[in-house]
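Take a look at the structure set out below.
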Amino acid sequence: MSAKRLLLVSFLFVSVVSAFAQTPSFIRTDIKTGKPNLANIVVGDFNGDHQPDLAVTSHSSADPHSIYLLLGNGDGTFSPPTLIASGCCSGLAAADFNGDGQLDLVFAGLGATSVLLGNGDGSFQPEKRSPSVASALTPLVLDLNRDGILDLAFAAQGGGISILLGNGDGTFTPAGTFPITGGNVAVALAGADFNGDGIPDLAASNLWPNFPPFGTAVSVLRGNGDGTFGAPVDFTAGPYPFSLVAGDFNRDGKPDLAVDNYQSTTVSVLLGLGDGTFLPHTDLPTSPFPQFLFAADLNADGKLDLVLAEEPTGIGFLLGKGDGTFAAEQEVLVPSLGSFILGDLNSDGKPDLIATNGPSTLSVFLNTTVADTTPPAIKVSANPSQLRPADGRLAPVTLTGSIKDAGVGLAPSASAFAVSDEYGQVHPHGPITLRTDGTFTVRVLLRASVRSADNNGREYVITVKAKDKSGNIGSAKTFVRVPLK
């Protein structure tokens, strides 16, 4: 093992879930960084080798608010941390803020919002400072005024949402602070086009609109397209709404919202209607004190799952069913969880977990879930398989068979049959309804005729197709022939 890899302990974690859902699995590796009080983590390729790296913040009295870079080896292991900046920062995020194709870092500094422009080799240019905002939280990075340059939205600790518009060179210009209901603190932000007008909107978890007791609101602010926002519209969630995430949880093409409720030990899901409004929230039970909410497809089934921290010892996940509902929570144990983030650390296309575990340890959970690439197994036969005589009548044919999937299960209403022949005529086709045991029976009418110029007889090809929940498509064929005699 290379000396530059900080591997101390590895073990396998496997989560067991419903037989109808792909089983997520992870391998955990602990990295002893030697840096105290790790906090923010971001993932990105900072040195241009196409391998994911880590940037983390650390704080101690001797080394206040520093950023360290851990270069990735491409397999989920990392080189020892090197200092990027010191005495600077909280609320770390990464993006390309000057359009040079290199990843940069932004953070809330002391009296300023600061950017370290990346050189693409793991080094950074001197700090570029812009006006500060009253927030130590990680900014939301979006192009809010649609000029092709990334902007920043902060949950302002002084109340509302503060917007800084990017100038394209790593500096920013204030666009204003926009209040949420009650003029209170926005705990977390999510961005999406909630009303379908092509302009980014913002949602904020609104902790204290009626404090006391704890608030229950999510405030949605519609974007004007120039970096400004309209008045907030509130939608009810659970008590003490905390972290917030947007995603299409029911796969209808409209963004939804999920928010974890710190006080009530639930996650509220608000399904979007596509016009800026949402259905009443549905609450999902979680372990105590949920926070740090993310959405990702953990188990490679094409559906968004929810991932969250559970204070103080675990990362929980709720597997999405693709219809806006979720399976019961599962848990990855982290003995002393601080914060965590998702990222593909070994470039295999699957989201991994990275958590601070105690004051100086990073725990990496590589996602080892095996994607379901096996299509459904289909059997089909036709009775009769020959139509005699060729007298032009419509003859009944019975199709029988089975469609079964040993992986994530069949997609609803995704099984069908179609009939074709060499004459290119329109023939029966339609959905297949399966019995509980996966078998089916379909009756069709086929013309028992042969064209005069056909010397070989007529052949009908009957194709049955089915798709599983991972998008794999299986097919099988059977044949019905009309002989000349």
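The structure presented is a predicted model; accordingly, all values stated were derived computationally and were not measured. Heavy-atom basis, side chains included; hydrogens, waters and symmetry copies ignored.
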Less than 3.5 Å apart, any donor N or O on the side chain of Asn261 or Ser268 sitting next to an acceptor on the other?
yes
Shortest non-hydrogen pair, Val43 vs Leu342, comes out as CG2-O, 4.4 Å
Using 30° and 60° as the class boundaries, would you call the ring planes of Phe289 and Tyr262 parallel, tilted or perpendicular?
tilted
Among Val187, Leu293, Ile180, exactly one meets side-chain contact (heavy atoms from CB on, under 4.5 Å) together with Ser205. Which residue is that?
Val187
Could you check whether Glu127 and Ser114, counting side-chain N and O atoms only, form a donor-acceptor pair closer than 3.5 Å?
yes
Rounded distance [0.5 Å steps], OH in Tyr68 versus CG in Leu362
13.0 Å
In terms of heavy-atom contacts, Asp45 and His50 come closest through OD2-N, 2.9 Å
Would you say the side chain of Phe249 lies within less than 4.5 Å of the side chain of Leu306, judging by non-hydrogen atoms?
yes
Thr113 side-chain N/O to Pro131 backbone N/O, donor-acceptor pair under 3.5 Å
yes
Less than 4.5 Å apart, any side-chain heavy atom of Val259 and any of Val269?
no
Can you check whether Asp226's main-chain N or O pairs, donor with acceptor, with Asn224's side chain at less than 3.5 Å?
no
Evaluation steps, side chain to side chain donor-acceptor pair (under 3.5 Å), between Asn37 and Ser58:
CA-CA 5 Å; Asn37 301 317; Ser58 170; over 6 Å; no
Under 3.5 Å, side chain of Ser79 to main-chain N/O of Leu71, donor-acceptor pair present?
yes
Say you draw a straight line from CG of Leu345 to CG of Asp53; how long is it, rounded to the nearest 0.5 Å?
10.0 Å
Using ring pair (Phe, Tyr, Trp, His ring centres under 6.0 Å) as the criterion, point out the one residue from Phe229, Phe278, Phe235 that pairs with Phe194.
Phe278
Judged by modelled atom types alone, do Thr361 and Lys32 share a side-chain donor-acceptor pair under 3.5 Å?
yes
Shortest non-hydrogen separation from Phe326 to Leu318 and the atoms involved
CD2-O, 3.5 Å
Ser90 versus Asn40, side-chain donor and acceptor atoms under 3.5 Å:
no
Regarding Ser336 and Asn357, is there a side-chain donor-to-acceptor distance under 3.5 Å anywhere?
no
When every non-hydrogen atom of Leu140 is compared with those of Ala190, the smallest separation belongs to CD2-C, 3.8 Å
Would Phe78 and Thr29 count as a side chain to side chain contact (heavy atoms under 4.5 Å, CB included) if you check the C-alpha gap in whole Å, the side-chain angles of each, and the deciding distance to 0.1 Å?
CA-CA 11 Å; Phe78 297 87; Thr29 300; over 6 Å; no
Are side-chain N/O atoms of Thr369 and Asn299 paired as donor and acceptor at under 3.5 Å?
no
Do Thr33 and Ser360 have side-chain atoms, one donor and one acceptor, less than 3.5 Å apart?
no
So do Leu189 and Leu244 actually touch side chain to side chain, heavy atoms under 4.5 Å?
no
Heavy atoms, side chains only, cut-off 4.5 Å: are Leu353 and Phe26 in contact?
yes
Counting only N and O atoms by type, is there a donor-acceptor contact under 3.5 Å from the side chain of Asp96 to the main-chain atoms of Gly101?
yes
Counting only N and O atoms by type, is there a donor-acceptor contact under 3.5 Å from the side chain of Ser243 to the main-chain atoms of Phe292?
yes
Between Phe340 and Phe294, how do the two ring planes meet: parallel, tilted or perpendicular, split at 30° and 60°?
perpendicular
Kindly say whether Ser339 contributes a backbone atom to a donor-acceptor pair with the side chain of Thr356 at under 3.5 angstrom?
yes
Side chains of Val115 and Phe107 in contact at under 4.5 Å (non-hydrogen atoms):
no
Any side-chain heavy-atom pair of Leu116 and Asp104 under 4.5 Å:
no
May I ask you to decide if Phe172's main-chain N or O and Ser130's side chain share a donor-acceptor pair within less than 3.5 Å?
yes
Measuring from atom CZ of Arg222 to atom CG of Leu202, what distance do you get when rounded to the nearest 0.5 angstrom?
13.0 Å
Set out, in order, the CA-CA distance, both residues' side-chain angles and the distance that settles side chain to side chain donor-acceptor pair (under 3.5 Å) for Glu329 and Ser287, then state yes or no.
CA-CA 8 Å; Glu329 185 187 37; Ser287 296; 3.2 Å; yes
State the OG1-CG distance between Thr181 and Asn206, to the nearest 0.5 angstrom.
5.5 Å
Start with the C-alpha gap between Thr57 and Ser66, add the side-chain angles, then the distance that decides, and say whether side chain to side chain contact (heavy atoms under 4.5 Å, CB included) holds.
CA-CA 5 Å; Thr57 60; Ser66 299; over 6 Å; no
I'd like to know if the side chain of Asp151 and the backbone of Leu144 have a donor-acceptor N/O pair within less than 3.5 Å.
yes
Check the pair Lys350 / Asp352 against salt bridge (Lys or Arg N to Asp or Glu O under 4.0 Å), numbers first and verdict last.
CA-CA 6 Å; Lys350 294 177 288 192; Asp352 307 308; over 6 Å; no
Could you walk me through whether Phe124 and Leu105 pass the side chain to side chain contact (heavy atoms under 4.5 Å, CB included) check?
CA-CA 9 Å; Phe124 294 82; Leu105 289 169; 3.9 Å; yes
To check you understand the geometry: which heavy-atom pair defines the closest contact between Ala295 and Leu304, and what is its length?
C-CD2, 4.3 Å
Give me the atom names and distance for the closest heavy-atom approach of Lys303 to Asp297.
O-OD1, 3.2 Å
How far does CD1 of Ile315 sit from CD of Glu331, to the nearest 0.5 angstrom?
9.5 Å
Rounded distance [0.5 Å steps], NZ in Lys254 versus CG in Asp248
9.5 Å
Taking the side chain as C-beta and beyond, is there a heavy-atom pair between Ile31 and Val364 under 4.5 Å?
yes
Any sub-3.5 Å donor-acceptor pair from Asn145's side-chain atoms to Leu165's backbone N or O?
no
Show your reasoning for whether side chain to side chain contact (heavy atoms under 4.5 Å, CB included) applies to Asp201 and Asn195.
CA-CA 8 Å; Asp201 310 309; Asn195 60 347; 3.0 Å; yes
Give a yes or no answer on whether the side chain of Asn367 reaches the backbone of Pro351 with a donor-acceptor pair at less than 3.5 Å.
yes
Would you say that Pro232 contacts Leu221 through its side chain, given a criterion of any heavy-atom pair below 4.5 Å between the two side chains?
yes
Does Thr236 form a side chain to side chain donor-acceptor pair (under 3.5 Å) with Thr216? I'd like the steps, not just the answer.
CA-CA 6 Å; Thr236 302; Thr216 59; 5.0 Å; no
